[in-house]
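Read the structure below first, then the notes.
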Number of protein chains: 2
Amino acid sequence: MPGRHSARSRRATERKGDLRERAILDTCEALLTHKGYDAMTVGDIAQGAGITRGALYFYFGSKQEVVTALVARTVEHLWERSRVTAQTDEPRQAIAAAMQRTVELWNEHGPVMRTAIDLSLTVPEIGELWKHTADLFIAAITAVLERAGIQAGAAPDQASAMARALCWMIERTFYHASQESREKLQEASATCEHIWLTSAGLIT
Amino acid sequence: MPGRHSARSRRATERKGDLRERAILDTCEALLTHKGYDAMTVGDIAQGAGITRGALYFYFGSKQEVVTALVARTVEHLWERSRVTAQTDEPRQAIAAAMQRTVELWNEHGPVMRTAIDLSLTVPEIGELWKHTADLFIAAITAVLERAGIQAGAAPDQASAMARALCWMIERTFYHASQESREKLQEASATCEHIWLTSAGLIT
DNA sequence: GCAAAAGTCTACACCGTGTCGATTTTTATC
DNA sequence: GATAAAAATCGACACGGTGTAGACTTTTGC
């Protein structure tokens, strides 16, 4: 990896490499969508980006690094959005907003999200990224539950543990539904929202 | 694959190959536990089973087939157990029993379960196996929800859709908790049970 | 215009997979 | 307990994907 991290910020003219790098990640996302992680080869990515394998290794040290960068790019999107929308006070509205944001992200980047989940065990870097994302979510859900009157605490029937389970429910449900269709995803979202509301005691 | 499927049934003396086959699957499970799927090589499995790579390919056509067989073996266990315990009528008892069974299975075979989930996208055979297992679960949960008064139907706030989401919640929560410790798994189970009960309207 | 940095390419060595044909061991039968 | 068929085992090979190395070309900054 050359000086990628943050060199971009104070640079007027964009380096050729920045172009390429984006091309690589875009190609990677396309391939992930149409072939899946295992079938996708480093040669495929390079070819799609208009360079040879050798050149690609100038930008990324391995296939895993490429995917990690792609996941990072995608997930950073999410972090920003969640920082913006976090101020809603009314529980019902907060829940609806959070679910809507999540549906959008999965509609736009479903394959990347699924790959991130699949690899978060085997690729530590991705595991970290995903864990952080999940933690943001869990914290948000916990806050809503507590505001709705669920007792704070980590016992099995208290806010924090429940939030964790609800987070995994949403993750997994979206994972499956996003493979089917946008409609299924929307329905799945509604179901998760309903269970969330029920668990929060906001629906009898 | 030689004539493996069900030849075992009407055979008094066990073939040498049956021994080996079990040794292969046992080794595979051990390796899955200690190295994980990616790091585990066909040579490793063969060595652990006391044969060479070449010999292993007499039993299984590929690494994936070995794992598929292992998953099948593990999951069949589950199917039997669930058939036995399915008769409980009282919702609260049925839920508790189901969760207990599931905890036991994950305690005994956590790594296999996790691998099955990881591979169910990429290995169609495993996908089928897992889907079938999930369907059994979802049907069971649906039945409990309906008996508890949730309206039958597939709309987002009706029994069948809710059961699906609850199933994924349990799967994912167990997936993570089983990596930590038996205690965590037990707690996670309690949390899932609580949310299930709440969703069923059995807890205010 | 010119050096240094950035980018690109081809060739190579390595490792894991799956196949093949030859060979040995086990099993059933007389 | 001899024997032929079936079952099991082995070593060697070809293939494909990965990652590295070194030479070469283009771009950038002064």
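Being a predicted model, the structure only gives us computed values, none of them experimental.
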What is the distance, to the nearest angstrom, from the [atom1] atom on [X] to the [atom2] atom on [N]?
| X | N | atom1 | atom2 | result |
| --- | --- | --- | --- | --- |
| A/Tyr57 | C/dC12 | OH | C1' | 14 Å |
| A/Glu65 | D/dT18 | CD | C1' | 14 Å |
| B/Leu19 | C/dT25 | CG | C1' | 15 Å |
| B/Phe58 | C/dT23 | CZ | C1' | 14 Å |
| A/Phe60 | C/dG7 | CZ | C1' | 14 Å |
| A/Lys63 | D/dG17 | NZ | C1' | 9 Å |
| B/Glu21 | D/dA7 | CD | P | 13 Å |

Are the side chain of [X] and the backbone N or O of [Y] linked by a donor-acceptor pair below 3.5 Å?
| X | Y | result |
| --- | --- | --- |
| B/Ser120 | B/Gly127 | no |
| B/Glu65 | B/Gly61 | yes |
| B/Lys63 | B/Tyr37 | yes |
| A/Lys35 | A/Thr41 | no |
| B/Thr142 | B/Ile138 | yes |
| B/Thr74 | B/Leu70 | yes |

Pairs touching residues 109-128 of chain A that satisfy ring pair (Phe, Tyr, Trp, His ring centres under 6.0 Å), sequence neighbours left out: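 Qualifying pairs: none.
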Selection: residues 116-127 of chain A, any non-hydrogen atom under 4.0 Å of DNA chain C: none
Among residues 37-51 of chain B, which ones have heavy-atom contacts with DNA chain C below 4.0 Å?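 Those residues are B/Thr41, B/Val42.
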Quick check for you: among [options], whose closest atom lies nearest to any side-chain atom of [X]?
| X | options | value |
| --- | --- | --- |
| B/Thr52 | D/dG11, D/dA7, C/dG7 | D/dG11 |
| B/Ala55 | C/dC9, D/dT9, D/dT18 | D/dT9 |
| B/Arg53 | C/dG18, D/dG11, D/dA8 | C/dG18 |

Residues B/Arg147 and B/Glu90 bridged, charged N to O under 4.0 Å: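 Here B/Arg147 does not pair with B/Glu90 in a salt bridge, since their nearest N and O are not under 4.0 Å apart.
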Per the atom types in the model, does the base of C/dG7 pair as donor or acceptor with the side chain of A/Arg20 at under 3.5 Å? no
Would you say the side chains of A/Arg114 and A/Ser178 form a donor-acceptor pair under 3.5 Å?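 A donor-acceptor contact under 3.5 Å links the two side chains.
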Sequence-distant partners of B/Asp135, side-chain hydrogen bond (donor to acceptor under 3.5 Å, both in side chains), two or more places apart: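 side-chain hydrogen bond (donor to acceptor under 3.5 Å, both in side chains) check on B/Asp135 returns B/Lys131.
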Taking CD in A/Glu146 as the centre, count heavy atoms belonging to other residues, nucleotides or ligands within less than 6.0 Å. Is the count above 12? yes
Given C/dT8, is OP1 or OP2 found less than 4.0 Å from the side-chain N or O atoms of A/Tyr59?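 For C/dT8, OP1 or OP2 has a side-chain N or O of A/Tyr59 closer than 4.0 Å.
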Each stem that DNA chain D is part of, given as range with range (3 or more consecutive Watson-Crick or G-U pairs, under 3.5 Å): C:1-30 with D:1-30
List in chain and number order the residues that pass side chain to side chain contact (heavy atoms under 4.5 Å, CB included) with A/Arg172, two or more places apart in sequence or in another chain; answer none if no residue qualifies.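 Testing A/Arg172 for side chain to side chain contact (heavy atoms under 4.5 Å, CB included), a comparison that skips the adjacent residues, returns A/Ile117, A/Tyr175, A/His176, B/Ile117, B/Trp168, B/Glu171, B/Arg172.
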